[in-house]
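Notes follow once the structure below has been shown.
We name chains A, B, ... by the order of the sequence lines, and we start the count at 1 in each one. Values below: all heavy atoms of this structure, side chains included; hydrogens, waters and symmetry mates excluded.
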Amino acid sequence: MPLPSVERLAAALAAAVGTEVELTRPNDPAHGDFATNAALKLAGREKRNPREVAAGIAEKVAAVPGVERVEIAGPGFVNLFMSTTWYAEAAAEIRAAGSDFGAGSATAAGTQQRIQVELVSANPTGPLTVGSARNGAYGDAVARLLRFAGHDVVEEYYFNDSGGQMDRFRQSVDARRRGEQPPEDGYVGAYVDDLAKLDGDPVERMLTAIELSLARFRVHIDSWQKQTVIEQEIPEALKAVDTFVEDGATWVRTTAHGDDKDRVVLRSNGEPTYFAADVAYMHHKLRDFDRAIYVLGADHHGYVARLKAIAAMIGGDADRAEVLIYQLVHLLRGGEKARMGKRSGNVVFLDDLLDEIGVDAARWYLVERGPDQTLEIDVDLATEKSRKNPVYYVQYVHARTCGLFREAGDGAEIGGEPPAELAPEEKELIKQLAEFPYVVAEAAARRGPQAVPTYAIQLADDFHRFYHECRVLGVPEQAWRLGLVQATQQVIARCLDLVGVDAPERM
RNA sequence: GCGCCCGUAGCUCAGUGGAUAGAGCGCCCGCCUCCGGAGCGGGAGGUCAGAGGUUCGAAUCCUCUCGGGCGCACCA
C-alpha cells in the first residue's frame with residue numbers, strides 16, 4: 001500500500017485540478033519535492049496557455065496541507081515543496097507499515113488472483129546450467145513480487161520422466177557403465193561418467209541433484225509435476241479444444257486464435273505429440289488457477305501463440321496463459337563468447353557458478369537486467385571475488401544499519417521529533433523510501449523484477465549520502481534519525497528478499 | 001521468406017510521453033584525530049543505430065531502412 005501522506009497529496013491535487021494527475025519526483029531538487037505536468041495536459045486538451053492553467057492549479061495546491069511552497073516552472077510544470085511536518089508524517093508511516101510496507105498492491109486494487117508460475121522445468125538429463133539459472137532467478141523473482149502484491153502464487157517445476165530423451169540419457173549412462181560409447185545423439189560429459197559410477201536410475205539421481213541446486217539457489221519449488229501424469233489427461237483435455245482430422249492425424253485449430261498454423265496432437269499412427277501434453281497441461285493448470293505463467297527461454301518464443309490459443313479454447317481467454325520470455329545467457333570467458341548447451345563442451349553449470357561467485361551475486365546478476373536483454377556474464381570478472389559486485393554495495397547498507405542499532409543499544413529511542421529544518425539528504429532519503437510501493441507495484445504488474453535492484457542501488461546511494469552528511473548517534477536528532485535508519489533497513493531488506501539475496505547483519 | 005527480441009557513455013546495462021538521458025566497471029582529481037572508507041565528493045566520456053511521422057513535448061508511440069541474437073516439425 002502506498003503511503004497515506006503521498007496518496008493524500010495526490011488526492012488533494014486531483015481535487016484541485018479536477019482530474020487524476022501524475023505526481024513525479026524531479027531529478028533536480030530545484031524543481032521541487034514533487035511535480036506535476038497536469039497543467040500541460042489540461043492546456044493541450046482545452047487549448048489554453050499552459051502557464052495560465054498552471055497558475056490556477058498552483059493557487060489551489062498551495063492550500064493543501066503539507067505543501068509549504070508552490071512554483072511554476074518551465075513550460076507549465078507545477079513544482080511542490082513539502083513541509084517538515086509532511087516528511088515526519090511520511091517517515092512515521094513507513095516505519096509503522098514495517099516489513100509489509102509496499103505490499104498488497106493487487107489486494108488494494110481488488111485484482112488478486114490464484115497464479116501458477118511454472119519455472120525452470122529442465123529435463124533431468126543433466127545438471128542445471130546457467131541458462132536454467134536465469135529462468136529460476138527471473139521466474140522466482142516474479143513469483144515473489146506477485147506474492148508480495150497479494151496474489152496466491154504456486155511455483156511449479158514440470159519435467160519429462162519418460163520418452164525418447166530420457167531413454168537416450170539412461171542408455172548413455174548404461175553404455176558408460178559397460179565401458180562402451182554412448183549411442184548416437186547420446187549424452188556425454190563428466191557428469192555422465194560420475195553417474196555411471198553410481199547404482200540406480202540416473203534420472204532419479206539427476207532430479208535429486210536439481211532439487212539440491214535449486215534449494216541452494218533459494219528457488220523454492222512448491223510442486224513437482226511429472227509429464228507422465230499429465231499425459232494421462234490428454235484424452236479428456238482434447239475434448240476441451242477444437243480439433244479436426246486431416247491426413248490421418250488429429251489437429252488443433254489454433255489458427256482460430258492467432259497461431260500461424262494448426263498443430264498436430266495425434267499423429268497418423270495414433271501417438272500423441274508433445275504438444276498434446278501441452279494441451280493437457282494447460283487444461284490441468286486452468287482448472288486450478290486463474291492464471292498460468294510460463295517462464296521460457298527465447299528459443300521457445302515460437303510457442304507463445306499456440307499456448308495462448310489453447311488457453312483461449314480451454315479457459316475462454318488467451319490472457320489466462322502468460323508466457324514470459326527471457327533472452328539467452330552468454331558467458332564471456334577469456335574474451336570468448338560461448339553459447340550455452342548441455343552437450344557442447346563449453347558449459348557452465350549453476351553449481352559451478354555458485355561456487356565461483358556465490359548465491360547472492362548470482363541471483364543479483366541474473367535479475368538485474370531486463371528479461372528482454374541478452375545477458376552477458378564475464379565469468380573471469382565475476383569470479384573476482386571482490387566488492388566490485390554491486391550487490392555488496394546494497395548489502396552494505398543493511399549491514400551498516402544493523403551496526404548503527406548495535407552501537408545505539410537496546411534502549412535507544414527510535415523515531416523522535418524531527419528538527420525544525422531537515423537536511424537535503426534526509427528529504428531525499430524519505431522521498432526515495434516513499435517511492436518503494438510504486439516501484440514494486442509496477443515491477444509486479446510488468447513482470448519486470450529488474451526494477452528492484454535498480455531501485456535498491458538508488459536507495460543505497462541516498463542512504464550512504466545521508467549517513468555521510470548526517471551524524472546519527474550522539475546528536476540531538478538521534479531518535480529521529482534512527483527512525484530513518486530503521487525505515488531504510490526495512491525497505492532494503494525487502495528489496496534483497498524480493499530478488500532472493502541475503503540481508504547480512506555484518507559483512 | 002515469415003515471426004519474436006535487442007541496438008543508449010570505452011565496456012556491461014537502467015530508463016515503456018516530460019525539465020540538463022542515468023548507474024556500475026574502467027580512467028583522472030580530492031576526502032578517514034569523526035557512528036563500518038565494502039563509503040563520500042568532483043571530472044572526462046552520448047548524433048539514445050539511421051530516416052521519416054504523431055505530439056506543446058519522443059530514448060520511450062507509429063512506419064521504413066540498416067546491424068545483431070533467436071525461432072519457424074506428424075522432435076522432445
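Ion pairing of A:R263 with A:D260 is present here, as a side-chain N (NZ or NE/NH1/NH2) and a carboxylate O approach within less than 4.0 Å.
Both A:N79 and A:K261 lie near RNA chain B, and the one whose nearest nucleotide falls closer to the 5' end is A:N79. Remark on RNA chain B: of its neighbouring residues A:T454 and A:D461, the 5'-side contact belongs to A:T454, judged by nearest-heavy-atom nucleotide.
Between A:Y158 and A:Y281, the angle of the ring planes stays under 30°, which puts this pair in the parallel group of the 30/60° scheme. Between A:F169 and A:Y187, the two ring planes are perpendicular [angle over 60°; tilted spans 30° to 60°].
With hydrogens and angles ignored, a donor-acceptor pair under 3.5 angstrom links the side chain of A:S268 to the base of B:C74. Taking only distance into account, the side chain of A:D260 never meets the base of B:G3 through a donor-acceptor pair shorter than 3.5 Å. On a pure distance criterion of 3.5 Å, a polar donor-acceptor pair joins the side chain of A:Y303 and the base of B:A76.
Side-chain proximity of A:K41 to the nucleotides B:G37, B:C70, B:G18 is greatest for B:G18. Nearest to the side chain of A:Y467, among B:C6, B:G36, B:C70, sits B:G36. Counting only heavy atoms from C-beta on, A:R465 has its side chain closest to B:C40 among B:G36, B:U20, B:C40. Side-chain proximity of A:Q327 to the nucleotides B:C5, B:A76, B:G15 is greatest for B:C5. Side-chain proximity of A:N123 to the nucleotides B:C74, B:A76, B:A19 is greatest for B:A76. Taking every side-chain heavy atom of A:R406 into account, B:G36 is the closest of B:G36, B:G71, B:C5. Between B:A14, B:C5, B:C74, one nucleotide has an atom nearer to the side chain of A:Q373 than all others, and that is B:A14. Checking B:A19, B:C70, B:C35 against every side-chain atom of A:L404, the shortest atom distance belongs to B:C35. Listed nucleotides B:G71, B:U20, B:G36 differ in distance to A:D28; the shortest reach to its side chain belongs to B:U20. Distances were taken from every side-chain heavy atom of A:M507 (C-beta onward) to each of B:C5, B:G36, B:A14; the shortest belongs to B:G36.
The residue A:A451 sits apart from the nucleic acid: no heavy atom pair falls under 4.0 Å. Using a 4.0 Å heavy-atom cutoff across all strands shown, A:C402 reaches no nucleic acid atom at all. A:N269 comes within 4.0 angstrom of nothing in the nucleic acid, heavy atoms only. Counting any heavy atom pair closer than 4.0 Å across all strands shown, A:R263 reaches no nucleic acid atom. Counting any heavy atom pair closer than 4.0 Å across all strands shown, A:A298 reaches sugar-phosphate atoms only and no base atom. Across all strands shown, A:H464 has heavy atoms under 4.0 Å from sugar-phosphate atoms exclusively, and none from any base. Within the 4.0 angstrom heavy-atom criterion, base atoms lie near A:N37. Using a 4.0 Å heavy-atom criterion, one finds that A:G248 contacts no nucleic acid atom at all. A:Q458 comes within 4.0 angstrom of nothing in the nucleic acid, heavy atoms only.
Between B:G42 and B:A49, the two C1' atoms lie 32 Å apart (nearest whole Å). Across B:C40 and B:C32, the matching C1' atoms stand 11 Å from one another, rounded to whole Å. Separating the C1' atom of B:U63 from that of B:C25 is a span of 38 Å, rounded to the nearest Å. B:A23 and B:G45 have their P atoms separated by 15 Å, with the value rounded to a whole Å. Taking atom C1' on both nucleotides, B:U60 is separated from B:C6 by 15 Å, rounded to a whole Å. For the P atoms, the distance from B:C2 to B:C64 is 11 Å, rounded to whole Å. Spacing of C1' atoms, B:A51 relative to B:G24, comes out at 33 Å, to the nearest Å. For the C1' atoms, the distance linking B:G17 with B:A59 amounts to 11 Å, nearest Å.
A:Y393 has a side-chain polar atom (N or O) that falls below the 4.0 Å cut-off from OP1 or OP2 of B:C40. An OP1 or OP2 oxygen of B:C34 is reached within less than 4.0 angstrom by no side-chain nitrogen or oxygen of A:R471. Put simply, A:R267 has no side-chain N or O that comes within less than 4.0 Å of OP1 or OP2 on B:A73.
Using a 4.5 Å heavy-atom threshold, the side chains of A:L366 and A:Y138 count as separate.
Using N1 to N3 plus N6-O4 or O6-N4 for Watson-Crick, or N1-O2 and O6-N3 for G-U wobble, each under 3.5 Å, B:A23 pairs with B:U12. For B:G1, the paired base is B:C72 (Watson-Crick or G-U wobble, both distances below 3.5 Å). Under the Watson-Crick and G-U wobble criteria, each requiring two contacts below 3.5 Å, nucleotide B:G39 is paired to B:C31. Shown here, B:G17 forms no base pair; nothing in the strands shown gives a Watson-Crick or G-U wobble contact with both key distances under 3.5 Å.
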Yes or no on side chain to side chain donor-acceptor pair (under 3.5 Å) for A:Q395 and A:D360, after CA distance, side-chain angles and deciding distance? CA-CA 10 Å; A:Q395 286 182 313; A:D360 288 335; 3.0 Å; yes
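Side-chain atoms of A:R144 come within 3.5 Å of backbone atoms of A:D497 as a donor-acceptor pair (strictly under, hydrogens ignored).
A cation-pi contact links A:R400 to A:Y467, judged by a cut-off of 6.0 Å to the six-membered ring centre and 45° from its axis.
Regarding the sugar-base torsion, B:C61 falls in the anti class, its angle being beyond 90° of 0.
The shortest heavy-atom contact between A:S162 and A:T228 is OG-CG2, 3.5 Å. Scanning all heavy atoms of the two residues, the minimum distance from A:V391 to A:A361 falls at CG1-CA, 4.1 Å.
No aromatic stack links A:H301 and the base of B:G71, using centre distance under 5.5 Å and interplanar angle under 30°. We find that the ring of A:F77 and the base of B:A19 stack, their centres lying under 5.5 angstrom apart and their planes tilted less than 30°.
Here B:A76 presents its C1' atom at 14 Å from CG of A:L296, a figure rounded to the nearest Å.
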